[in-house]
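One structure is given below, encoded as structure tokens.
What you see is a predicted model; the values in this text were computed from it and never measured. Chain naming here is simple, since letters A, B, ... match the order of the sequence lines and numbering starts at 1 in each.
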2 protein chains.
Amino acid sequence: MMAGLRERKKAETRRRIAETALRLFDARGYDAVTVNEIAEAAGVAKVTLFSYFPSKEAIVLDGVGDDLAGVVERRGAGRTPLAALRAHLREVAARPPGEADAGELAGELMARVRVITSSPALLAAVEQANAAERHRLAAALAAARGAGGGADGGAALGAGGDDLVARLMAAQVTAVVGALQEAFFLRLASGTPMEEAGRRLTADVETAFDLLEHGLAAADEHATQQNGDSHEDGR
Amino acid sequence: MMAGLRERKKAETRRRIAETALRLFDARGYDAVTVNEIAEAAGVAKVTLFSYFPSKEAIVLDGVGDDLAGVVERRGAGRTPLAALRAHLREVAARPPGEADAGELAGELMARVRVITSSPALLAAVEQANAAERHRLAAALAAARGAGGGADGGAALGAGGDDLVARLMAAQVTAVVGALQEAFFLRLASGTPMEEAGRRLTADVETAFDLLEHGLAAADEHATQQNGDSHEDGR
DNA sequence: AGAAAAACCATACCGGGTTCGGAAACGAAC
DNA sequence: GTTCGTTTCCGAACCCGGTATGGTTTTTCT
């Protein structure tokens, strides 16, 4: 494989920066730590730090997120996008966390969760990443729908907008994935042990996709009002 | 009414800042205009500008967004949250734009749309606002569900998570509203006349809520694969 | 060994946003 | 109309994240 001293050093420096930053963030809060401090503590110059990570946020969020668009594009023949996504999410939920990026320790992951959940700026950044993923997913879904079975009944919906349906599907799917992430993180941050949280996540995936596939109507109608009981739906 | 000179001046200054900024952004692009320039052109100091608007983005995005959580909270008796939201969105779509904030000219609104859609930073900020709205909506939905008809069949879903279902509903609804906004803006920005865009939006609302209520399964199954035609769903 | 390439760094700079102490404008009272 | 408290405004300095510049060290190839 020929490791190559250069690349080894690079990898090590990158790791050192991320680790140092995480430690500082966890100890003193994300906003209270400046990039200068991180750079100094990690033994590099600020400009070098920014050659490894494009922004302060990226130091923490490196590798967070999921390639949903890729899942749709690489799905097996005869498989619907939604089914492929569901299967993928099942896998992700089932996979014991900690092996995300080769040698990630459980403690490090917990620290990351702690730091992220306690910083509005980082939560916003996660939101941003989700939005970006959503756009990619919308494109992938539009392609899948376009190259699909052909001009069948579904065209009644799809023909109208630019590709509104693809966008709506993408929006709902990424929203759901985001909510799952959020729920998982919040549980972890509030003390739920990892194993328990993982089990809950697995169940949540099913709940979420059932809701996605079969609609909100069922979940909605039992919450008509605090006193009224007659439910005339407004359609 | 008692105008009061002081408040009149304040309102006028605020308006002047916003107008000046919008004009500059539209002419030269959001990123190419500094807040110093805006302040100078508007005849105020930078610090004063930031006393009127909390950030550069807020100058453009002032008043953008919709109080979805309030709609749920203020819905009439015997009305399901989803129905209330649908009705509200129908109203918004039907209302001729331009009367959003008392004296907004149609040209100004178009300029705003142009500026927002052509700036990644502003689109990101819109995303952020949507996220904030989503959290409020989730809380409102959770309250509605909690105080709802009581312990019926739906508890099978709701009892498990913290309030996962409320979060999922909120996520999907705001995602859909965001997608509608986005589609509307993009059409406007790409030259579609206002009236036409409004009509399309009205139709889109129905499409979107049908999808929300009845699920993605119907829209999904006709896009099985680019070559395969047998569609066995993977559930 | 020596040269090309790549990584690193110090420094200065930019723009968004805040802090601070004082000056000016307003409103009300006399 | 003068006084006086309050609100608004402002200039200047500052902080922080991020970028541009140009030179120095380190690694790799020959």
Side-chain angles (χ1 to χ4, degrees), chain A residues 1-18 20-22 24-25 28-62 115-116 119-126 128-129, chain B residues 1-18 20-22 24-25 28-62 115-116 119-126 128-129:
Chain A
M1 211 73 198
M2 256 312 273
L5 183 96
R6 212 177 196 129
E7 295 172 15
R8 237 182 309 147
K9 272 187 105 170
K10 267 188 80 165
E12 212 279 327
T13 300
R14 185 185 183 87
R15 206 191 53 80
R16 192 173 68 248
I17 293 174
T20 306
L22 187 61
L24 291 178
F25 290 154
R28 296 175 17 214
Y30 179 77
D31 295 313
V33 179
T34 72
V35 290
N36 277 319
E37 290 173 319
I38 300 170
E40 194 179 353
V44 297
K46 187 170 69 157
V47 66
T48 302
L49 188 154
F50 279 112
S51 85
Y52 279 94
F53 299 94
S55 70
K56 189 185 177 185
E57 293 150 6
I59 306 177
V60 185
L61 301 182
D62 190 39
V115 170
I116 293 175
S119 158
L122 286 176
L123 289 174
V126 169
Q128 276 313 112
Chain B
M1 236 351 155
M2 260 308 275
L5 181 80
R6 214 172 193 134
E7 295 171 14
R8 236 183 310 147
K9 273 187 105 170
K10 264 189 82 165
E12 211 280 327
T13 301
R14 185 186 184 86
R15 207 192 51 80
R16 193 172 69 245
I17 293 174
T20 305
L22 188 60
L24 291 177
F25 289 154
R28 300 180 7 219
Y30 180 77
D31 295 314
V33 179
T34 73
V35 289
N36 278 317
E37 289 174 320
I38 300 171
E40 194 179 355
V44 297
K46 188 171 69 157
V47 66
T48 302
L49 188 154
F50 278 113
S51 86
Y52 280 93
F53 299 94
S55 70
K56 187 185 178 187
E57 292 150 6
I59 306 176
V60 186
L61 301 182
D62 191 37
V115 169
I116 292 174
S119 157
L122 287 176
L123 289 174
V126 170
Q128 275 314 111

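B/Ala125 approaches B/Glu57 most closely through the heavy-atom pair CB-OE1, 3.6 Å. Closest approach of A/Ala58 to A/Phe53, counting heavy atoms only: O-CD2, 3.8 Å. Contact record, B/Tyr30 with B/Ser119: CD2-OG, 3.6 Å, taken as the closest heavy-atom pair.
Using a 4.5 Å heavy-atom cutoff, the side chains of A/Arg15 and A/Glu12 are in contact. Looking at heavy atoms from C-beta onward, A/Lys46 lies out of side-chain contact with A/Glu40 at the 4.5 angstrom threshold.
Atom CG of A/Leu49 is separated from atom C1' of D/dC16 by 14 Å (rounded to the nearest Å). In this structure, A/Ile59 atom CD1 and D/dC16 atom C1' are separated by 13 Å, rounded to whole Å. Rounded to an integer number of Å, the gap from A/Glu40 CD to C/dT11 C1' is 16 Å. In this structure, A/Leu24 places its CG atom 16 Å from C1' of D/dC16, rounding to the nearest Å. Note: NZ (A/Lys10) to P (C/dA5) measures 17 Å, nearest angstrom. Computed from coordinates, the B/Glu7 CD to D/dC9 P distance equals 12 Å when rounded to whole Å. Residue A/Tyr52 contributes atom OH, which lies 20 Å from atom P of D/dG17 at whole-angstrom precision. When the P atom of C/dA7 is taken as reference, atom CZ of A/Arg8 falls 15 Å away, rounded to whole Å.
The side chain of B/Ala45 approaches D/dC10 more closely than any other nucleotide in the set C/dA10, D/dC10, C/dC8. The nucleotide whose nearest atom lies closest to any side-chain atom of B/Val44 is, among C/dC9, D/dC10, D/dC9, D/dC10.
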>> Return a single string for nucleotides 14-23 of chain C, one symbol per nucleotide in 5' to 3' order, where B is base contact, S is sugar-phosphate-only contact and - is none, cutoff 4.0 angstrom on heavy atoms.
In response: -SSBBB----
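B/Leu49 pairs with exactly one of B/Thr13, B/Ile59, B/Thr20, B/Asn36 by the side chain to side chain contact (heavy atoms under 4.5 Å, CB included) rule, that one being B/Ile59. Across A/Ile17, A/Ile38, A/Val115, a single residue satisfies side chain to side chain contact (heavy atoms under 4.5 Å, CB included) together with A/Leu22, and that is A/Val115.
A distance of 6.0 Å separates NZ of B/Lys10 from OH of B/Tyr52, quoted to the nearest 0.5 Å. A distance of 9.0 Å separates NZ in B/Lys9 from CZ in B/Arg16, rounded to the nearest 0.5 Å.
Over its full length, the helix from C/dA1-D/dT30 to C/dC30-D/dG1 turns its helical axis through 10°, comparing axes from the five pairs at each end and rounding to 10°.
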